[in-house]
Structures are given as structure tokens and as C-alpha cells.
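Here's the structure, in C-alpha cells; my notes come after.
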Amino acid sequence: MNNWKKLLLSLTFVGLILPVTPISEAAEKSAGSENLVPIREIAEKNGAEVSWQQKTGEITIRKSELTIIVKVGEKQAMVDGQAISLNNPVQLTKGTTYMDGAFLSETLKAAPEDRFISLISEGDGKEAAKYVHTSVSGVLSPTLLSQLWGALEGQNGKITSEAIAMHVENNTVHRNVTYTFKTELTRLNITVRMNHNGLVDDLHIAAATPDVYQKPSYDDPSAYTEQAITVGQGDLALPGTLTLPKGEGPFPVVILVHGSGPNNQDAAIGGAKPFRDLAVGLASQGVAVLRYDKVTYEHTYKVASQPKFTLKQESVDQVNDAVEFLKKNAHIDSTAIFVAGHSQGGFAMPLIIAEDKQHDIAGSILLAAPSSSFVDVLTEQQDELVERMKQLGLDTEMIQGQADFYKNVTAMVKDPKYSVDHLPEAFPLQPAYWWFEQRDYVPAELAKTQNTPMLVIQGENDVQVSMDQFQTWKSSLQGHSNVTFNSYPKVNHLLSSYDGLSIGQEYAEPSNVSKAIIDDIAKWVLKSN
């Protein structure tokens, strides 16, 4: 199978990029406003014809059955006979007419992201590739772009030709335009990430699910403020949020590190947003929180194009960037920077501490964190799920097949004939390098050699990271007087209290991080400060 096909099939979330022809700086200045664009240039680039009557100053723009008529000096446009107000009057400068760019692009559906989506839906990868920014042009080849839509339909069923919804959201790194398409099997959200130069910088594809999240009772908006921030710089800069308690400060702060998978800064899954809950809950008790979109979420294709992508690049490097940002922030107590890792984020915590060369991290918090090697945890997780489903009287045939699959993966990773220098040709989970690069890493063993204060939190109802992992942390660190261990009887992997036996199905329902966990974290941080 070609490399690009392997990449496509291995990704749950896909990333793309595209260029637009930007208005020249001179043109903007001559028009007298950043919001004005040259009518003929923009219209013709988007398949429209333009005619101008010099005597009357009337300009007609035609595209298919659409007709737009504007007049120099007037602050309105006639769209198929209907008068539409404009933000600025149409202007004539040095022989060129200008009008509101947002209006013209939207009316002609000429936005670059629209054009890009249209081209890939038509399988025109050659033309679509012209919209791809150089940072990912190596992976988004014309061939891949030509096949992308067909591959999505192969996985999800025929896609309707028109998006049934569109949503635009800006962060400090990207302008994110999300198109929702209906397929024969599901609904898909295709998010085109546009950079500040008007080029497509990445793409994120996921099943469209309703947002059923409900704010927790402990969310008091009057107790905190939120600031949009950027973690890191360059092609892999990440948008984030700094949640600050009301008051003078400086405040202690907790940096949140994601679990596995491409997660946004809320760590949203189903009806839960555990990182948002932690941020508002802790900030209400005097502890600031910094959270950010994970690099595999915000820069999917850039990451996918790196065959030697590592756990350090996924979960460690961003913490260093976040620490440097916080050290320069006047609202933050630079001597009280803590890091909390959930699941894989906690698994990586000893690596994060090892990378803290200047000892800026005052303490670490493990939230449902594995203590064993990644593949051992993976095998244990599958066995635990099968056992719990049997207890609930559920059919385990499909899950048993999944468990067997991961056991085979584990056996292949542990096979001594393979290594980072000799990867198996047909490893089923990509990138293979990621798995082999850290196969001998055991978090609890590395943590034994470290002396940073630690709070270990574990839900006793967690199907993904069992109490056995928690017990390993306790036995490995029993000689460390600065480590605190807390477990919670009903709490599942999302840190919420659940009365039933957790098998993950409850994740789809609205839930919030247990207030007892937030209280204990706040108390520990403020005491350690």
C-alpha cells in the first residue's frame, strides 16, 4: 500500500491546508480600508463576470444565476433585486473599484476554504493542492487530495454534496471553519484551519456529535476571568486559555496535559469537558489554570507528516513552552507552577519533570495516570473492559476481538527483533516509531529517581486505568514523603462520579469532574505554595 494511503487510513482526524490570493498591501491602502477589496479581481477569481458603466458608476457582477449590482459612492448592493446594506460605500480609486470584501466573498461563496472543500469533493487534487501551505505540502499531495473525499465516503458512506451547516471560530493560531456534512452512516465535521495569511494550515475531521455538556454547579463566572493565549511559536504554536482568579495575584497555576488522542483544550469527549471543569473549579478557589489544544488536534497533518513523532513531542515539549509563558506573566507566581497530567499526560509526567532543567515546576499532579509501560496498560485495559462487560451481562464478542488485536500489538512491540531502527513492515498502529521509541519507558520507575512533590489521584471506578496502576505508584514511591495518594470510590476515567460500573458508555452523557477532586487539588496546591 502506498505511504499516503497508509497515512490516510491510520488517521481518525485529518489535516489540510489552502492558499488564497491575498489583497496586496498597496491595494488595501489605496482603498482606504482593510475591509475593501478590488471588485473585478475577487469576482473574476471566483468565476464571476464584471461589467461597469462609466457614466452611471454602476457595476454588475454575474455568477451563474446570481446578479449583484453596486454603484460607486453608494452604501448598498442589489442582490437579485434585493437591497443589502454594506459596511462601507463602494469606492473608485485610481481606476479600480473597491467594496466590502467579506460581503463579496460570502455572496459569491468565494472564500478560499469554500473553494478548497469544493475542489476536494470533486476529486480535483491538482487544483486543491494550490491552496496548500508549504508547511504541509509534503503530505498533502495532489494525489492524496484527489483521493481524500472518496476515502471518507468509503469509511462513512456517501456524503451529501452541500454542507448542512457551517460554523466559524477564531483562536490565536487559526480561523477554524467547520462544515457539517450528512453521510449515509453518520454526520461529519470537516474543520478547515486557516492561518493568518489566509491559507489552509490544517484540517480536522471527526464525527459530528451534539454538545450536551452542562456546566458544573461550582462554575462561578464572577470568580474568574479567561484570556486567549498562545503556547509556543512557529508552525506548531498552540491556542490556549489562561483562567485567572479574580483579584490581585500573583496566583499559583496548574498546567493541564492531555490524555491520548487528538484533544481540544477542554479535553472534550461525549458530554464531558474535564479540563474546562478543572479550570473554572480551581480558578474559583484561587488557583490559575493554563490549558491548550493538543498538537495532534490543532496540527494533525503536520504531525502526521513526521514519521519519527515521539511521546516527548506529543506531551512534553508544550509544557516547556507553557512554563516559559507563565514565568513572564505578572499575574502568575513563578515559584508556584504545577503540572497536572490526565491519563497519557500523567504517564508522561516523569518525562516532563526530567525535562524541567531549571526546576521551574513546583509539583506534579497525576490524574488517572498509568504507572506501567504503555502496551502493558493497553492490554490490561482491554481485559478489564471484557471482565466488566461480563459482569453486566453484555455480549463481549466484539470487544474480545478488539482485546485480541491489542494483545497482538503488544506482542509485536515487545518482540526484541524490532526496534526504532528496525520497525515492522506492517505495524497496524501508526506512527510505528511512537510505539517503539518509548516501549521500555516505565513511568513509576523513572519517578523513583525524582523528588518533585506529587499528588496522585485515581478513580476506583476507572475502566481505562485500573487501581492496579494506582497501587504500583504507591509501592514504587512508598519512600517518598512528598507524595500524596487519593482515590475516589465512584469516580471514572473522566474524573466524574458514576454510580454504575463504568465501561465508557456513560461518557456520552453530561458529566463533570467531581468537586471533591477539585477541592483536593486546590488544597494541595495552596498548601504546597
Side-chain angles (χ1 to χ4, degrees), residues 1-18 109 113-125 127-129 131-132 136 139-169 174 176-194 200-213 260-264 268-271 293-294 296-305 397-399 401-402 405-406 428-431 504-505 507-509:
M1 183 181 291
N2 293 336
N3 288 335
W4 68 266
K5 287 186 178 178
K6 290 181 181 178
L7 172 62
L8 184 62
L9 293 176
S10 68
L11 291 177
T12 303
F13 306 95
V14 190
L16 309 171
I17 10 196
L18 66 131
K109 296 184 178 179
E113 57 269 25
D114 290 338
R115 183 65 179 144
F116 182 76
I117 287 288
S118 177
L119 287 167
I120 62 172
S121 70
E122 296 165 4
D124 190 350
E127 190 65 26
Y131 288 84
V132 174
V136 287
V139 65
L140 291 177
S141 66
T143 304
L144 186 144
L145 294 176
S146 294
Q147 298 294 331
L148 177 59
W149 205 261
L152 291 175
E153 291 190 324
Q155 295 169 357
N156 302 282
K158 185 72 175 176
I159 301 174
T160 54
S161 58
E162 296 290 335
I164 59 176
M166 187 179 82
H167 174 70
V168 179
E169 184 175 290
H174 290 130
N176 299 286
V177 185
T178 299
Y179 303 83
T180 302
F181 290 91
K182 187 176 181 180
T183 79
E184 293 172 331
L185 302 178
T186 185
R187 293 189 177 195
L188 284 178
N189 280 341
I190 303 179
T191 301
V192 181
R193 303 202 190 282
M194 307 292 292
V200 178
D201 196 48
D202 227 303
L203 185 90
H204 180 75
I205 298 178
T209 56
D211 185 358
V212 297
Y213 169 78
S260 59
N263 301 301
N264 68 13
I269 177 174
D293 289 338
K294 195 174 177 183
T296 50
Y297 175 83
E298 194 71 20
H299 300 288
T300 311
Y301 256 128
K302 294 194 196 79
V303 167
S305 67
E397 182 178 354
M398 185 176 72
I399 297 301
Q402 177 178 291
F405 168 81
Y406 283 113
L429 299 175
Q430 295 297 320
Q505 288 183 330
Y507 297 174
E509 301 300 320

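Please read all numbers here as calculations on a predicted model, not as lab measurements.
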Exercise for the section: Kindly indicate whether the side chain of L144, heavy atoms from C-beta on, has any atom under 4.5 Å from the side chain of S141. Expected result: yes

Practice task
Give, for atom CD of E509 and atom OH of Y213, the distance between the pair rounded to the nearest 0.5 Å.
Solution key: 15.5 Å

Handout entry: Non-neighbouring partners of H174 that pass side chain to side chain donor-acceptor pair (under 3.5 Å), sequence neighbours left out
Key = D201, E298

Completion exercise
Closest heavy-atom pair, S146 versus G123, reported as atoms and distance to 0.1 Å, is OG-O, 3.4 Å

Handout entry: Pair E122, S118: side-chain N/O donor-acceptor within cut-off below 3.5 Å
Key = yes

Problem - For Q505, side chain to side chain donor-acceptor pair (under 3.5 Å) partners two or more places apart - result: none

Completion exercise
Here the pair of heavy atoms bringing L145 nearest to G125 is CB-CA, 3.8 Å

Practice task
Not counting sequence neighbours, which residues clear side chain to side chain donor-acceptor pair (under 3.5 Å) with T186? List them please.
Solution key: none

Practice task
Answer yes or no: is there a side-chain heavy-atom contact under 4.5 Å between L140 and L148?
Solution key: no

Exercise for the section: Show the numbers, then the answer: is there a side-chain contact (heavy atoms from CB on, under 4.5 Å) between I190 and I117? Expected result: CA-CA 9 Å; I190 303 179; I117 287 288; 3.9 Å; yes

Problem - Which residues share a ring-ring contact (aromatic ring centres under 6.0 Å, His included) with Y297, sequence neighbours left out - result: H204

Handout entry: Test item: N263 side-chain N/O and G261 main-chain N/O as donor-acceptor pair under 3.5 Å
Key = yes

Exercise for the section: Taking side-chain contact (heavy atoms from CB on, under 4.5 Å) as the test, write out the residues that go with L185, two or more places apart. Expected result: T183

Practice task
Using the test salt bridge (charged side-chain N to carboxylate O under 4.0 Å, His left out), find all partners of E127 that sit at least two apart in sequence or belong to another chain.
Solution key: K130

Problem - Flag for T178-N189: side-chain donor and acceptor within less than 3.5 Å - result: no

Practice task
Calculate, to the nearest 0.5 Å, the distance between atoms CD1 and CZ belonging to I120 and R115 respectively.
Solution key: 12.0 Å

Handout entry: With N176 via side chain to side chain donor-acceptor pair (under 3.5 Å) - residues at least two apart
Key = R193

Practice task
With rounding to the nearest 0.5 Å, note down the distance linking CD1 in I269 to CG in N264.
Solution key: 11.0 Å

Completion exercise
Taken in chain and number order and not counting sequence neighbours, the residues that satisfy side-chain contact (heavy atoms from CB on, under 4.5 Å) with E153 are W149, K158, I159

Completion exercise
By side-chain contact (heavy atoms from CB on, under 4.5 Å), T160 pairs with (sequence neighbours left out) F181, K182

Completion exercise
Heavy-atom nearest pair, S305 first then V139, reads CB-CB, 3.8 Å

Problem - Contacts of Y507 that satisfy ring-ring contact (aromatic ring centres under 6.0 Å, His included) - sequence neighbours left out - result: none

Problem - Non-neighbouring partners of V177 that pass side-chain contact (heavy atoms from CB on, under 4.5 Å), sequence neighbours left out - result: E113, M166, V168, R175, Y179

Practice task
Please test T191 against I205 for side-chain contact (heavy atoms from CB on, under 4.5 Å), starting from the C-alpha separation and ending with a verdict.
Solution key: CA-CA 6 Å; T191 301; I205 298 178; over 6 Å; no

